[in-house]
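So the structure is just underneath, and the comments pick up after that.
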Amino acid sequence: MRQDSSLSPTSLWLRRAGTLGLAALGAALFWALGLPLPFLFGPMFACLGAALLGAPLKGLGPVSKGARTILGVAVGASLTPEVFHQIPQMAGSVAFVPLYIAAIGLIGVPYFHKICGFDLPTAYFASMPGGLQDMVVFGQEAGADVRALSLIHATRVLVIVTIVPAVLVWFFENPLAEPIGAPASDLPLTELLIMTAAALGGWRLGARIGLFGAAILGPLIVTAILSLGGIIEHRPPREAILFAQFFIGIGIGVGYVGVTLHELRKDVLSGMVFVLILAVLAFIVTEMVVLLGLASPMEGFLAFAPGGQAEMTVLAIIAGADLGFVVVHHLARLILVILGAPIAAAMLGLRPRRGTKGE
């Protein structure tokens, strides 16, 4: 959406303040009603509902990206020497990741192109289970419909983030009551300072070298090095994880600002049906991995659920799952998609357009 360029700085900040207030009300309501994940679902559904009603919401920009650095630190801190030594044991299940991605592409591209009527560049990048921002950037360079890509991937994340907790509660009988972290007052001040430096420094370094998903992967890499070296021994405090949930929820809901009835019928509906296809593929792969004894049912389910990296990290933490196992598989998926999607697109003749602008 480009209307922001016509708004004054005061109007932009008023919209951001209104969005923040609405998200806070959503979180408070979910908390008061005892609903699950109030700091994620409250802001998400409050902003989603307001966006669909045409409210002039506005995301928090760098603050939201900064919140993702917290999850990068949380994942990096979970990569302890014990987890690192277990990585070879994950090779069998990780080997299913490229097969999983290939199956998604072989089904997803014809679905979006032949059935939903999208052009080939849009169909290809809509089907790839990578990060929303990464797929939009690649798709824009190949001449895809950027708005459609944004809505399709936002819908994928929204539906999966909504369904996965329900499956964990009702199917796996997991109350989602695991502590997300110790309070800040219980952690050593030196570790808090080191984690803050790792978050900001890793983000800045990742962005400088052009790392996709720099806000998560940069802090993750830096913190993993510190964790493996024994410099830090704790995950970020509870308050920081709740802060990250809050802004991730806002980001998902605000993604639907300005959506039209036509976009709901075509882009959003297409994305929702595709989630059902993904669910079937994820179930098949998870069953194979579990039956082969390569993962427990819950870890296998979370490892192959095609949600966003940040969102799946939050869910793995509150479910008390093996965070290292889950994250290794999601990292493998994202890295393969990010590295392989442009190559496969070029093989399909989806060449970058001349003079394409990145923003």
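Since this is a predicted model, take the numbers as computed values, not measurements.
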Same apolar cluster: I250 and W31, side chain cutoff 4.5 Å: yes
Does E191 use its side chain to pair, donor to acceptor, with the backbone of H234 at less than 3.5 Å? yes
Treat each ILVMFWY residue as a node, draw an edge where side-chain heavy atoms are under 4.5 Å apart, and state whether V328 and V290 are in one component. no
Is a donor on one side and an acceptor on the other found under 3.5 Å between the side chain of E263 and the backbone of T260? yes
Ignoring hydrogens and angles, tell me if any N or O in the side chain of S127 forms a donor-acceptor pair with the backbone of G105 under 3.5 Å. no
Look up atom CD1 in I318 and atom CG in L176, then write down how far apart they are to the nearest 0.5 Å. 4.5 Å
Where is the tightest heavy-atom contact between L151 and G255, given as atom of each residue plus distance? CD2-O, 3.9 Å
Please check this pair: side chain of H113 against backbone of F118, looking for a donor-acceptor N/O pair closer than 3.5 Å. yes
Take V73 and T196 through the side-chain contact (heavy atoms from CB on, under 4.5 Å) test and state the conclusion after the steps. CA-CA 9 Å; V73 172; T196 301; over 6 Å; no
Ring centers of H329, F304 separated by less than 6.0 Å: yes
Hey, does T313 have a side-chain heavy atom less than 4.5 Å from the side chain of V326? no
Nearest 0.5 Å, what's the CD1-CZ distance between I70 and F243? 5.5 Å
Distance check, rounded to the nearest 0.5 Å: R204 atom CZ versus I209 atom CD1? 13.5 Å
S78 side chain to A74 backbone, donor-acceptor under 3.5 Å: yes
Checking F325 against S93 for the side-chain contact (heavy atoms from CB on, under 4.5 Å) test, could you report, in this order, the C-alpha distance in whole Å, the side-chain angles of both residues, the deciding distance, and whether it holds? CA-CA 10 Å; F325 182 90; S93 55; 3.7 Å; yes
Hey, does L264 have a side-chain heavy atom less than 4.5 Å from the side chain of L52? yes
Nearest heavy-atom pair of V136 and S150: which atoms, and what distance? CG2-OG, 3.6 Å
Using side-chain heavy atoms (C-beta onward) and a distance below 4.5 Å, is V268 in contact with Y256? yes
Answer yes or no: is there a side-chain heavy-atom contact under 4.5 Å between T69 and I216? no
Donor-acceptor pair between S270 and D267 side chains, under 3.5 angstrom: no
State, with a plain yes or no, whether a side-chain heavy atom of M195 is found less than 4.5 Å away from one of V222. no
Could you tell me whether the side chain of L40 reaches within less than 4.5 Å of the side chain of F246, counting heavy atoms only? no
Rounded to the nearest 0.5 Å, what separates atom CG in L48 from atom CD1 in I252? 9.5 Å
Taking T122's backbone N and O only, do any of them form a donor-acceptor pair with D145's side chain (distance below 3.5 Å, no angle check)? no
Check ion pair R68-E311 (N to O, under 4.0 angstrom): yes
Would F39 end up clustered with L35 when hydrophobic side chains under 4.5 Å apart are linked, directly or stepwise? yes
Would you say the side-chain atoms of T19 pair up with the backbone N or O of R15, donor to acceptor, closer than 3.5 Å? yes
Do H153 and R156 have a side chain donor and acceptor closer than 3.5 Å? yes
Over all atoms of both residues, closest heavy-atom pair of I152 and A126: CD1-CB, 3.9 Å
For V167 and F301, work out which heavy atoms get closest and say how close. CG1-CZ, 3.6 Å
Test side-chain contact (heavy atoms from CB on, under 4.5 Å) on Q245 and L242 and set out the steps. CA-CA 5 Å; Q245 289 184 38; L242 292 176; 4.0 Å; yes
Answer yes or no: is there a side-chain heavy-atom contact under 4.5 Å between Y100 and L336? no
Do L217 and F84 belong to the same hydrophobic cluster, where Ile, Leu, Val, Met, Phe, Trp and Tyr are linked whenever their side-chain heavy atoms lie under 4.5 Å apart, directly or via other members? no
Looking at L228, I221, T223, which one forms a side-chain contact (heavy atoms from CB on, under 4.5 Å) with I225? I221
Kindly state whether the ring of F41 and the ring of F45 have centres lying under 6.0 angstrom apart. yes
Nearest heavy-atom approach of R235 to L187 is O-CD1, 3.6 Å
K58 and V254 have their tightest heavy-atom pair at C-CG1, 4.3 Å
For V159, the option from V157, T162, T155 that meets side-chain contact (heavy atoms from CB on, under 4.5 Å): T155
What is the distance from atom CE of M298 to atom OG1 of T286, rounded to the nearest 0.5 Å? 13.0 Å
Measuring only between side-chain heavy atoms, which start at C-beta, is P165 closer than 4.5 Å to L37? yes
Carefully, step by step, assess M135 and V337 under the rule side-chain contact (heavy atoms from CB on, under 4.5 Å). CA-CA 9 Å; M135 295 303 99; V337 170; 3.6 Å; yes
Under a single-linkage definition using a 4.5 Å side-chain heavy-atom cutoff for Ile, Leu, Val, Met, Phe, Trp and Tyr, are L14 and V257 assigned to the same hydrophobic cluster? no
Rounded to the nearest 0.5 Å, what separation is found between the OG atom of S64 and the CD1 atom of I248? 9.0 Å
